[in-house]
Amino acid sequence: MIRILDYDKLPSSEIFAREIPQNQVSDAVAEIIRTVRAEGDRALYDYTYRCDGASLPSLAVTEEEIDEAFGTLEPAFLEILEQAARNIRAFHEKQIRGSFVMNGGPGVILGQKVTPIEKVGVYVPGGTAAYPSTVLMDTIPAKIAGCEQIVMVTPPGRDGKIKPAILAAAKIAGVTRIFKLGGAQAVAALAYGTESVPKVDKIVGPGNAYVAEAKKQVFGQVAIDMIAGPSEILIVADGKSNPVHVAADMLSQAEHDKMASAVLVTDSASLAEAVQRELEVQIPLLPRAEIARASIEHNGKIIVADDLKVVIAIANEIAPEHLELMVDNPFDYLNGIRNAGSIFMGRSCPEALGDYFAGPNHTLPTSGTARFSSPLSVDDFVKKSQFTYYTADALDAVSAQVAYFARQEGLEAHARSARIRGEKA
């Protein structure tokens, strides 16, 4: 049964305790990366057979396989995928950042040039957790940014095939190439390249502990989006909220993973008790009841505070991946939320809307990192270069100041480079 904690009677260490799984896979991942770098495709075929049970004739997905996938899916589901993609595009197109040029004074032009990252790798989990929604969320912003190559990797089943929904979503989203690869070996292939898999400039997308550790180890060789931890939801709810709805939304994240975290923060003790009872009603109804039960009992909690002002302060301290505001007039509280990945407003906005359909991204900061990081966006797929232009007269007007500044830092060559153009031959 989920714990109910009284904010005024317990130390902060218990209220804000966050169990973060420890990766014990560092050495194994380092060996996988070394092997892929040394052996290329041969290592990828070997790891795919050992880890996924698939003996592949080729690592690449063919156009015929993609066409076949479309033919096996129900038209109704394809239309939902298309509509979700339209919603995601519409939202992310608002994020496009333009270059700028400014007049810095007589003879001075300054500016910033925004350039798409050329090659991006997208990791999509496979196996029992096949998420076409992740394909859309991680690929569409890259496409909008203008990335020339979007290379997707996802592990195959034992039959050597990728789930049709994943391939359909990839086609709809605009993926350039797809490879049947998973785990740390897929990350290594994207980071360093092999005979078949192109080397990319940035890797995005969630995965298991091996994938997360591999992204950490190749960072610097390539860019990464974030190190994603277990899923989280925090619900801010007042006493008017329906406990059936609150419990259902908590379980929508608890079913992801035994390490997932579902938290309710409320100013109503009666709601806390009603949600505690309702969770016990709903958990046995779930196909993934064992996972949800472990998540709720080990990582779930209900925190009761005196008023909504304190409730919002608690939410900001936890800095959740997903935050639901189940209150009247939720926009009155929006500016008070400083730390959250994605915010769901009102009593009719379950977090599942964000996972699949509404448009905002579902690749979000976890483990409290919403204090300083943001959801995946078009910004993640561009880079910015700045430029400076001075005429000879403009340089002459400031060269003495530049040289003086440089000499304060003990850098005479810097000073000379600023002054030398004005010296007479």
Side-chain angles (χ1 to χ4, degrees), residues 1-23 206 209 212 226-239 241 243 246-247 249-276 278-279 291-327 330 333-345 351 354 363-375:
M1 183 173 287
I2 197 167
R3 299 164 293 160
I4 296 179
L5 309 177
D6 190 325
Y7 180 71
D8 291 328
K9 296 179 181 177
L10 290 169
S12 294
S13 59
E14 186 168 350
I15 291 290
F16 297 116
R18 186 192 298 271
E19 185 176 352
I20 300 176
Q22 299 301 309
N23 261 351
M226 62 187 77
I227 305 297
S231 189
E232 307 163 347
I233 187 169
L234 185 147
I235 299 175
V236 167
D238 59 22
S241 299
V246 175
D249 290 3
M250 294 176 75
L251 291 172
S252 73
Q253 296 308 292
E255 72 172 351
H256 267 299
D257 187 330
K258 291 180 179 180
M259 291 302 300
S261 170
V263 177
L264 166 64
V265 190
T266 180
D267 60 349
S268 169
S270 60
L271 177 69
E273 293 168 1
V275 170
Q276 185 184 55
E278 184 60 29
L279 286 168
I291 293 172
R293 168 71 64 190
S295 168
I296 289 295
E297 291 188 352
H298 296 141
N299 301 304
K301 64 182 79 169
I302 298 173
I303 303 170
V304 181
D306 288 339
D307 57 54
L308 284 179
K309 183 177 180 181
V310 177
V311 167
I312 295 295
I314 293 169
N316 280 322
E317 181 72 21
I318 293 174
E321 177 187 19
H322 307 101
L323 171 64
E324 288 188 11
L325 284 175
M326 279 196 186
V327 294
Y333 299 91
L334 181 58
N335 285 342
I337 301 297
R338 298 189 306 275
N339 304 325
S342 195
I343 305 168
F344 300 84
M345 310 284 287
E351 183 277 332
T363 299
L364 304 167
T366 62
S367 306
T369 58
R371 292 178 295 108
F372 52 79
S373 55
S374 308

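Heavy-atom basis, side chains included; hydrogens, waters and symmetry copies ignored.
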Heavy-atom closest contact (Ala262 atom, Ile2 atom, distance)
O-CD1, 4.2 Å
Side chain of Ser241, backbone of Met326: donor and acceptor closer than 3.5 Å?
yes
Classify the ring geometry between Phe344 and His322 as parallel (under 30°), tilted (30 to 60°) or perpendicular (over 60°).
tilted
Quick one: closest heavy-atom pair of Leu234 and Ala315, and the distance?
CD2-CB, 3.8 Å
Nearest-0.5 Å distance, CG of residue Asp306 to CG of residue Asp8
4.5 Å
So which atom in Gly229 and which in Ser367 form the shortest heavy-atom distance, rounded to 0.1 Å?
CA-OG, 4.2 Å
If you measure from CD on Gln276 to CD1 on Ile4, what distance do you get to the nearest 0.5 Å?
3.5 Å
Scan Ile337, Val311, Ile314, Ile343 and name whichever one has a side chain to side chain contact (heavy atoms under 4.5 Å, CB included) with Val236.
Val311
Check the pair Thr369 / Met226 against side chain to side chain contact (heavy atoms under 4.5 Å, CB included), numbers first and verdict last.
CA-CA 10 Å; Thr369 58; Met226 62 187 77; over 6 Å; no
How close do Gly341 and Ala370 get, heavy atom to heavy atom, and via which atoms?
N-CB, 3.8 Å
Taking atom CZ as the centre, does Arg338 end up with more than 12 heavy-atom neighbours from other residues, nucleotides or ligands that are less than 6.0 angstrom away?
no
Does some side-chain heavy atom of Thr366 sit less than 4.5 Å from a side-chain heavy atom of Ser231?
no
Side-chain (Glu324) to main-chain (Glu351) donor-acceptor, under 3.5 angstrom
yes
Scan residues 257-271 for pairs that pass side chain to side chain donor-acceptor pair (under 3.5 Å), counting only residues two or more places apart or in two chains.
Ser268-Ser270
Under 4.5 Å between any side-chain heavy atoms of Val246 and Glu278, yes or no?
no
Shortest non-hydrogen pair, Leu364 vs Pro375, comes out as CD2-CB, 3.5 Å
CD1 (Ile233) and CG (Leu323) are apart, to the nearest 0.5 Å, by 8.5 Å
Kindly indicate whether the side chain of Leu325, heavy atoms from C-beta on, has any atom under 4.5 Å from the side chain of Ile312.
yes
Do you know the tightest heavy-atom contact between Ile318 and Phe16?
CG1-CD2, 3.7 Å
Exactly one of Glu255, His256, Met250 should register a side chain to side chain contact (heavy atoms under 4.5 Å, CB included) with Gln253. Which one does?
His256
For the CG atom on Asn335, are there more than 12 heavy atoms of other groups (residues, nucleotides or ligands in this structure) within a distance under 6.0 Å?
no
Donor-acceptor contact present, side-chain Glu321 to main-chain Glu232, <3.5 Å
yes
Interatomic distance, CD1@Ile291 vs CZ@Arg293, rounded to 0.5 Å, equals 13.5 Å
